[in-house]
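Each remark here refers to the structure printed beneath this line.
Every chain is numbered from 1 and lettered A, B, ... according to where its sequence line falls, protein lines coming before strand lines.
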There are 2 protein chains.
Amino acid sequence: MAVTMNDVAKAAGVSLKTVSNVLNNYEFIRPATKQRVEDAIAELGYEANLTARSLRSGKTSMLGLVLSDLSAPYYAELASRLMDAATKHGYRVLVEQSAADSGAELNALQGPFRQLTDGLLFTPLSIGADAIAERAGSKPLVMLGEHIVDPRFDLVTMKNEEAAAALTSHLLAGGRRRIAVIGATAEESTGTAGLRLNGYRAALKKAGIPFDPALIAPGEWRRDAGAAAVAGLLEAGVEFDAVFGLNDVLALGAMHELLIRGVRVPQDVAVAGFDDVDEARFASPSLTTVSPGMDEIAERSMALLLDRIAGRETADAGVHVEAEFQLNIRESAP
Amino acid sequence: MAVTMNDVAKAAGVSLKTVSNVLNNYEFIRPATKQRVEDAIAELGYEANLTARSLRSGKTSMLGLVLSDLSAPYYAELASRLMDAATKHGYRVLVEQSAADSGAELNALQGPFRQLTDGLLFTPLSIGADAIAERAGSKPLVMLGEHIVDPRFDLVTMKNEEAAAALTSHLLAGGRRRIAVIGATAEESTGTAGLRLNGYRAALKKAGIPFDPALIAPGEWRRDAGAAAVAGLLEAGVEFDAVFGLNDVLALGAMHELLIRGVRVPQDVAVAGFDDVDEARFASPSLTTVSPGMDEIAERSMALLLDRIAGRETADAGVHVEAEFQLNIRESAP
DNA sequence: CTGAAAGCGCTTACAG
DNA sequence: CTGAAAGCGCTTACAG
């Protein structure tokens, strides 16, 4: 059997409550008593039972993170930072992969996963604001990304439209006129893909260039889908002089397919992405992309969630934060 | 207040025990009783309190995964698969990033992290077998990787030496004679780096080519370090016609640096890696690498851990599993 | 400053 | 097949 608080109390010759006081840093405790308790703890090698503490206090010291797929570099990098941040504040993070499946997203919101955590960082991809509001419960919930922009929820996101517009303008300034977009359908205008596409359209409009739906190719946000989308455009005979992958892996997959087919990057076709994952910098050619402010996103979302949990943030309406972005011009689209 | 088992018992007109029996799929229960309890559960929207269950049963339904850094593609991909596998068996996985720090590794082994989990999948990088044995406690513990090969512990790993030898032989067969290795020191012979280096040396020996320590460049296993290591070799005037990055990101960083400096890959210098992360297939040129059998590793390690937890695996000595590898010959070293 | 007691919501022998 | 009771190891009013 493990050592319990009771054992410590006996060894130190005090009551249970006193041990608890010492453990919880209660102020008004006689130094000598405190010392005796600490000695007993050290001697017995006592470690608090977190489950018991959690049952009694209702706090778990765990935070939930819901995202579609941890093996996607953007999410992997984000999760890694969030975990480091959580550790600094005495929390652990429990990750749930939704695979962008609505059932999985709903489950993460109310099932055991929610119960096990004091608050949630949630990247919704399939379910809507009302479905979330219905099940949100009372525990703090901070949205990540831009599928749900709703005054009811806290939200930490990036400047998708502005950044996509800036990137598109950069491609236009480089003389590109037929910029293919990979990772969206021509009709999309909400969610991450939609917002980035809006930015693209806005930049075209500003430059007086008509929007051509033939240039927009859908695809899951993975490398193989990026490659397949470019292959599709090429085989359909669509002409283009640039490719904007709505995220980096899409752009990287597209670039690979172009190079394999003997299309020169950037001479024949410029390629740009979005995310600035580490891989972008080391691709050949290195990838021009948007750095969406991941550090700021990780930091702000964690701070906001912890503030909600601790009751330091009390705004009734959702707090909305937008991280600053930056354009990283590299070889693939100079 | 949340709905408790007591509420369900009252609503169904049965005792607590009966509700518990239904929840735990106890066999001998009258169908009518079972139905009544299930109706009450559905009507009240009852959800078991996992913390209470855990306090009483001593089981947490969580598994621990300790690795150095979740943002490294190999670990991100592995973690993603392990989580999916765990979910299938009703477990969640709690990840701890050790940053290869011995203090963090020791903490993961016995602190709160251990307490919160029913078993551990552990990639030790800094601490030794004795330190682990001392603190291992009684909960199941499966080692991942090859830092610790010890009869006391269960281990699931890959054929590092064989695979590295096969890859090196492939480079030699392609006419390469001065193969630089990145990610180890010339003296290493244990741990992942050491084993892969051993394989390299064995292949050289077999081909009658002397080992040249000048060709071995150390570096953290990251892209930037791979690039820096190659830059270092080049600037030191070391001649080489191939680079073996001891993992993919190292190789990819190295390849990027070569290309930037106008060295052609594979014409002037062939490049090969180890891991076969998704990125390898889509690099330009695509990366020749070892596929170490990640699917098998994820599957076998999860199965072994769950078998230990459930008591299905009872071997006193550690069970050792080695996944099969495969060579993926691509453009960077045809 | 410190003690004795209740209770968080389950599971599990122990009876019947 | 089902009930009444104890207890997992904490925290937290309530007294003093």
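A donor-acceptor pair shorter than 3.5 Å cannot be found between the side chains of B:Ser68 and B:Gln97. Residues B:Thr4 and B:Asn49 bring no donor and acceptor atom of their side chains to less than 3.5 Å of each other.
Residue B:Thr33 is in sugar-phosphate contact alone, with no base atom involved, counting any heavy-atom pair closer than 4.0 Å across all strands shown.
Using a 4.0 Å cut-off between charged nitrogen and carboxylate oxygen, A:Arg81 and A:Asp295 count as a salt-bridge pair.
Checked by atom type and distance alone, the side chain of B:Asp101 pairs as donor or acceptor with a backbone atom of B:Gly103 at under 3.5 Å.
Taking every side-chain heavy atom of A:Leu55 into account, C:dG9 is the closest of C:dT11, C:dG9, D:dT11. The side chain of A:Asn21 lies closest to C:dT2 when the candidates are C:dC10, D:dC8, C:dT2. With C:dT2, D:dA4, D:dT11 as the choices, the nucleotide that has an atom nearest any side-chain atom of A:Leu16 turns out to be D:dT11.
Nucleotide C:dC8 holds its P atom 11 Å from the CG atom of B:Asn49, rounded to whole Å. Rounded to an integer number of Å, the gap from A:Lys34 NZ to C:dT2 P is 12 Å. One atom, CD of A:Glu47, and another, P of D:dC8, lie 19 Å apart when rounded to the nearest Å. For B:Gln115 and D:dC10, the CD to C1' distance is 11 Å, given to the nearest whole Å. Straight-line distance from the CD1 atom of A:Ile41 to the C1' atom of D:dC10: 13 Å, rounded to whole Å. The interatomic distance linking A:Leu50 (CG) with D:dC8 (C1') rounds to 14 Å, in whole Å. The distance between atom CD of A:Gln35 and atom P of C:dC1, rounded to the nearest whole Å, is 15 Å. Rounding to whole angstrom units, CG of residue B:Asn6 and P of D:dG3 are separated by 13 Å.
A close approach under 4.0 Å does not occur between any side-chain nitrogen or oxygen of A:Ser15 and OP1 or OP2 of C:dT2. Between B:Thr4 and C:dG9 there is no side-chain polar atom (N or O) within less than 4.0 angstrom of OP1 or OP2. Of the side-chain N and O atoms in B:Thr18, none sit less than 4.0 angstrom from OP1 or OP2 of D:dC1. For A:Arg30 and C:dT2, the shortest distance from a side-chain N or O to OP1 or OP2 is below 4.0 Å.
Both B:Ala52 and B:Lys17 sit near DNA chain C, but only B:Ala52 has its closest nucleotide nearer the 5' end. For A:Leu23 and B:Ser57, each mapped to the nucleotide of DNA chain D holding its nearest heavy atom, the one lying further toward the 5' end belongs to B:Ser57.
Within 3.5 Å, a donor on the side chain of A:Arg56 pairs with an acceptor on the base of C:dG7, or the reverse.
If you check D:dG3 for Watson-Crick or wobble pairing at under 3.5 angstrom, you find it paired to C:dC14.
In this structure, the side chains of A:Leu63 and A:Met302 come closer than 4.5 Å at one or more pairs of heavy atoms.
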